[in-house]
There are 2 protein chains.
Amino acid sequence: MFHKETEYALRGLVYIQQQNELGHRPGLAEIAREIDAPGFYTGKILQRLVRQGFLTSRKGKGGGFGFGRDKPPLPLRDLILATEGNKILTGCAFGLKECDQDHPCPLHYRYAPIRNALNDLVATATIQSLAGSLAASVPPAREKPDIGSNPDKNIN
Amino acid sequence: MFHKETEYALRGLVYIQQQNELGHRPGLAEIAREIDAPGFYTGKILQRLVRQGFLTSRKGKGGGFGFGRDKPPLPLRDLILATEGNKILTGCAFGLKECDQDHPCPLHYRYAPIRNALNDLVATATIQSLAGSLAASVPPAREKPDIGSNPDKNIN
DNA sequence: CTATTAAAAGACAAAAAGGTCTTTTAATTA
DNA sequence: TAATTAAAAGACCTTTTTGTCTTTTAATAG
């Protein structure tokens, strides 16, 4: 689904947020170890995110990464757009440059709802919601249990 | 969403099928031109698909690509698995090696339905259904209009 | 102020994806 | 059979992604 860079960024930021909530500012070595990601690469990725203003860092003893407490929740969407761009959120499954209701590719009417669901997910889920309370991880009450046209075949 | 290779394969096979239905066996140059893909690269991709048994080819004058008429419909799923593997169909959005109901990542319960919908789509849509009659391209009667939890924000 | 700690910066490299080109092989037609 | 046509094969290249490592900068503690 996402690029490795996006995955590491997601896991890293969620871990940082969780630790921050416990009053701890984790350093790079700890973060990379805990999220099972390559250390130097993770450092480079977090560095970029700091430069882009997604989080703050402190050098030296007692240093590490964290979010300012005044920071508003960060939607996954913002992170994804910053790390890998919008192809996954707006691109055509067939690879057409123009694909919409007026010029639909053969998959459009079945793929667009899936892409919309993904857009909705990344717009509403935030690093904070994923880090805190595990709310997003809890199975929602099954009102809208399945999506797609063949609900029976779905696996979890 | 998919790799370029998968996109070219999808577009190429759909075009071949459409032309076959008209009694025509298109050659590589025509295919690449019509689907707006790089010629030599498309050739390499179709070559692999021929070797894997997805379609047939003939050399020399009047040559080109086609499906045997006895061939059963080809689900997109088979093509995707052959060209880029199963990451997009089974991978965890967070990048965890193990992610299921028993060990869910923070996104699991919201992402799994989306992935299921994608699996359903690629299992039921075939090259033939996309090529013929444009059936798949027609907007379905809106019984299950939106998926995801915030239907309002959906765009098409 | 010095030693230590930890991030910043950036060079470098490996792997994968994407793409080009030439030569060879096989089929058809004149 | 010779000329032509078109795919097969595979070498080669470019770009992007992923990853490693060294050096520099900044902060803190003693």
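As the structure is a prediction and not an experimental result, all values here were calculated from the model. Basis for what follows: all heavy atoms, side chains included, without hydrogens, waters or symmetry-related copies.
Partner L13(B) forms a side-chain contact (heavy atoms from CB on, under 4.5 Å) with one of L76(B), T126(B), I31(B), L46(B) and no other, that one being L46(B).
Listed nucleotides dT20(C), dT18(D), dA29(D) differ in distance to K4(A); the shortest reach to its side chain belongs to dT18(D). Comparing dA8(D), dA8(C), dG19(D) by their closest approach to the side chain of F65(B) singles out dA8(D). The F40(B) side chain lies nearest to dC21(C) when the options are dA9(C), dT22(D), dC21(C). You'll find that the side chain of E5(A) is closest to dT18(D), out of dA7(C), dA8(D), dT18(D). Closest to the side chain of L28(B), out of dA7(D), dT29(C), dA29(D), is dA7(D).
A close approach under 4.0 Å does not occur between any side-chain nitrogen or oxygen of R58(B) and OP1 or OP2 of dT5(D). Contact annotation: Y8(A) does not reach the phosphate of dT18(D) (side-chain N/O to OP1 or OP2, under 4.0 Å). The shortest distance between the side-chain N/O atoms of R48(B) and the OP1/OP2 oxygens of dA9(D) is not below 4.0 Å. For the pair S57(B) and dA8(D), the criterion of a side-chain N or O lying under 4.0 Å from OP1 or OP2 is met.
The distance between atom NZ of K87(A) and atom P of dT16(D), rounded to the nearest whole Å, is 14 Å. In this structure, D36(A) atom CG and dG19(D) atom P are separated by 11 Å, rounded to whole Å. Distance, R33(A) CZ to dA6(C) C1': 14 Å, rounded to whole Å. The interatomic distance linking E30(B) (CD) with dT5(D) (C1') rounds to 15 Å, in whole Å. dA6(D) atom P lies 12 Å from atom CD1 of I31(B), rounded to whole Å. Here dA7(C) presents its P atom at 15 Å from CZ of R51(A), a figure rounded to the nearest Å. When rounded to the nearest whole Å, the span between OH of Y41(B) and P of dT16(D) equals 14 Å. Protein atom CZ of F2(A) is 13 Å distant from nucleotide atom P of dT18(D), rounded to whole Å.
A donor-acceptor contact shorter than 3.5 Å is absent between the side chain of S129(B) and the backbone of A125(B). Not a single donor-acceptor pair under 3.5 Å links the side chain of R58(B) to the backbone N or O of G64(B). A donor-acceptor pair under 3.5 Å is formed between the side chain of R115(B) and the backbone N or O of G91(B). The closest donor-acceptor contact from the side chain of Y15(A) to the backbone of L10(A) lies at 3.5 Å or more, if one exists at all.
Checked by distance alone, K59(A) brings a side-chain donor or acceptor within 3.5 Å of a matching partner on the base of dT25(D). One N or O donor and one acceptor, one from the side chain of K44(B) and one from the base of dG19(C), sit under 3.5 Å apart.
Backbone-only contact: G64(B) has heavy atoms under 4.0 Å from sugar-phosphate atoms and none from a base. Within 4.0 Å (heavy atoms only), G39(A) reaches no atom of the nucleic acid at all.
Counting non-hydrogen atoms of other residues, nucleotides and ligands closer than 6.0 Å to NZ of K97(A) gives a total of 12 or fewer.
Positionally, the nearest nucleotide of DNA chain D for H3(A) lies more toward the 5' end than for the other of H3(A) and G60(A).
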